[in-house]
Amino acid sequence: MFDRIKESVQKFSSRGVADKEAVEELVKDIQRDLMRADVDVELVSELSSDIREEALKEEVPQGLSRKEHVLKIVYDRLEKLLGEEAEIDEGPQKILLCGLYGAGKTTTAGKLADFYRKKEQKVGVIAADTDRPAAFEQLQQVAEDANAEFYGRKEAEDPAKVVEEGMEELDTDVTIVDSAGRNSLNDELREELEEITDVFQPDKKYLVIPADIGQSAREQTEMFDSAVGLTGVIVTKMDSSAKGGGALVACANSEASVKFIGTGETLPDLEVYDPVDFVSDMMGQPDLESLLEKIQELDTDPEAILEGDFTLHDFKEQMESVTGSGLMEEMMQQLPFSKDKLPSNMADMTEGKIQNYSIIMDSMTDEEMKDPSMIKASRRERIAAGSGTQPGDVKELIDHYRQAKNMVDKFDKGSMQRGNMKQMMSKMGL
Ligand code: GDP
Ligand code: MG
């Protein structure tokens with residue numbers, strides 16, 4: 001999805017200048033890609049003129065180059081287009097799934113059961129699809145796979161009755177009703193959903209739609225919303241349709257927002273919706289979000305970061321805030337130094353080593369953390385014994401800390417702000 005935007009952003013990033021022509025080319029590529037994903041033309045054209053207008057404005061915010069400024073605008077507009085990050089209630093609740101034939105309701109019932117069971121909830125599903133002959137068996141199987149309780153009656157004809165019985169029968173924290181679909185939202189389906197709602201009194205009413213309906217998701221969402229009053233939408237088959245982007249955008253611009261997306265046929269293929277994932281991917285930077293947060297912090301109060309003494313507490317926090325591979329590198333990205341200027345032993349800080357450091361620091365007193373200069377040989381031995389390490393390890397940690405402190409102390413505040421920004425932008429491929 002949105003591969004062209006990704007390419008285009010990269011191309012734009014590698015250009016020397018962000019002039020009118022460059023912005024125009026970027027906008028054209030974005031337009032083309034969004035239309036291919038079946039995003040509503042009107043929304044695409046709104047987004048394009050927003051980007052054009054903002055990007056070519058005379059004044060660029062202080063501390064940003066025009067190129068940086070343009071990419072930030074593109075990022076913001078795409079994020080806005082894709083709507084809000086979903087907030088999911090993980091506690092006990094009653095969920096009604098509705099939607100048309102083949103949307104993925106039954107599959108999603110299983111995925112949700114699995115999701116909530118992993119959140120330590122006792123989950124049950126009720127088979128309220130009395131329309132399709134094999135619906136009962138399908139949900140029964142799904143419930144078994146997800147380790148959820150199941151209620152259904154094979155020859156049942158009245159779905160509301162089944163739901164009523166199911167509620168009596170099941171003693172669960174999270175109860176999910178899988179309802180029947182139709183080819184369209186006709187009177188029969190409307191009535192059926194009303195009756196189920198009456199007896200079930202759901203906390204959440206989710207419309208399940210497949211990604212391949214693209215922008216018509218908006219119309220469908222609005223119809224179901226006016227019929228049953230939706231809590232949100234679950235977009236399935238994001239893995240197998242090129243129109244997923246269009247469906248997401250359509251929902252974001254309708255009355256009900258996207259809560260989950262389905263990305264495959266098996267139980268774990270369910271994700272809480274987060275537009276930032278998509279935008280970051282489009283911009284070619286998985287961790288763009290955190291970088292932008294850092295920009296924001298700098299924008300608001302660069303001095304706050306440098307306030308007070310740099311203690312071992314700060315060192316520990318800094319270490320623990322960066323995880324995974326390339327860890328030291330990432331940490332160093334935050335400093336206005338190039339890597340070859342670093343003391344050699346700082347460049348080879350591995351994850352294992354950092355874990356080791358954390359264990360050692362856990363054996364220190366608060367006093368020692370605040371003023372590590374008090375840690376002399378005898379204390380080193382005690383700390384090593386307490387953490388199951390060698391006094392040499394403790395010494396190494398303190399040496400590392402001193403080097404980090406030296407750098408922090410040497411910071412010129414203005415250059416840190418600028419330097420930091422530069423490093424971040426270089427991570428964004430600029
Ligand atoms: P229902 O009629 O709404 O209950 O739809 P089903 O749950 O029976 O799903 C219809 C078909 O879509 C089945 O073949 C599912 O395996 C498939 N399906 C459901 N969700 C997804 C998804 O997220 N990705 C893919 N690739 N297939 C899905
Ligand atoms: Mg079904």
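In each ligand, atom 1 is the first atom listed, and ligand 1 is the first ligand listed. We're numbering straight along the sequence, starting at 1. Here the structure is a predicted model, which means the values were calculated and not measured.
- In this structure, atom 15 (C) of ligand 1 lies nearest to the protein heavy atom T107 OG1, 3.6 Å.
- Of all protein heavy atoms, the one closest to atom 26 (N) of ligand 1 is D239 OD2, 2.8 Å.
- Of the protein's heavy atoms, G102 N, 2.9 Å lies nearest to atom 2 (O) of ligand 1.
- The backbone N or O of V123 lies less than 3.5 Å from no partner atom in the side chain of T172, so there is not a single donor-acceptor pair.
- The side-chain heavy atoms of P202 and I95, taken from C-beta on, include no pair separated by under 4.5 Å.
- For atom 5 (O) of ligand 1, the nearest protein heavy atom (residue, atom name, distance) is G104 N, 3.0 Å.
- Contact atoms of ligand 1 toward T263: 23 (O) (distance under 4.0 Å to a heavy atom of the residue).
- Taking distance alone, with nitrogen or oxygen atoms compared against 3.5 Å, A103 approaches ligand 1 more closely than that limit.
- Aromatic ring orientation, F260 versus F115: perpendicular (interplanar angle above 60°, classes split at 30° and 60°).
- Of all the heavy atoms of V208, none lies under 4.0 Å from any atom of ligand 1, so neither backbone nor side chain is involved.
- When only interatomic distances are considered, the shortest N/O to N/O separation between E265 and ligand 1 falls below 3.5 Å.
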**Report entry** Residue pair Y151, E165: steps toward the side-chain hydrogen bond (donor to acceptor under 3.5 Å, both in side chains) verdict
**Finding:** CA-CA 8 Å; Y151 182 83; E165 292 163 6; 2.6 Å; yes

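- For K237, a nitrogen or oxygen atom sits less than 3.5 Å from a nitrogen or oxygen atom of ligand 1, counting backbone and side chain alike.
- A cation-pi contact, defined as under 6.0 Å to the ring centre and within 45° of the axis, links R132 to Y101.
- Between the side chains of D40 and Q215, no donor-acceptor pair is found at a separation under 3.5 Å.
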Requested in this report: Start with the C-alpha gap between Q93 and Y116, add the side-chain angles, then the distance that decides, and say whether side-chain hydrogen bond (donor to acceptor under 3.5 Å, both in side chains) holds.
Outcome: CA-CA 10 Å; Q93 58 191 291; Y116 282 104; 3.2 Å; yes

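- The side-chain heavy atoms of I196 and V162, taken from C-beta on, include no pair separated by under 4.5 Å.
- Contact between Q138 and ligand 1 is present, with at least one heavy atom of the residue lying under 4.0 Å from the ligand.
- Seen from the ring of Y206, K259 does not count as a face-on cation partner, given the 6.0 Å and 45° thresholds.
- Distances under 2.8 Å from the Mg ion (ligand 2) pick out the protein N/O/S atoms T106 OG1.
- Here the heavy atom of the protein found nearest to atom 22 (C) of ligand 1 is G264 O, 3.0 Å.
- Note on ligand 1: K111 sits in its first shell, one or more heavy atoms being nearer than 4.0 Å.
- Annotation: K105 places an N or O atom under 3.5 Å from an N or O atom of ligand 1; distance criterion only.
- Judged by the shortest distance from any of its heavy atoms, D269 lies outside the 4.0 Å radius around the atoms of ligand 1.
- Counting non-hydrogen atoms of neighbouring residues, nucleotides and ligands closer than 6.0 angstrom, the NZ atom of K11 exceeds 12 such neighbours.
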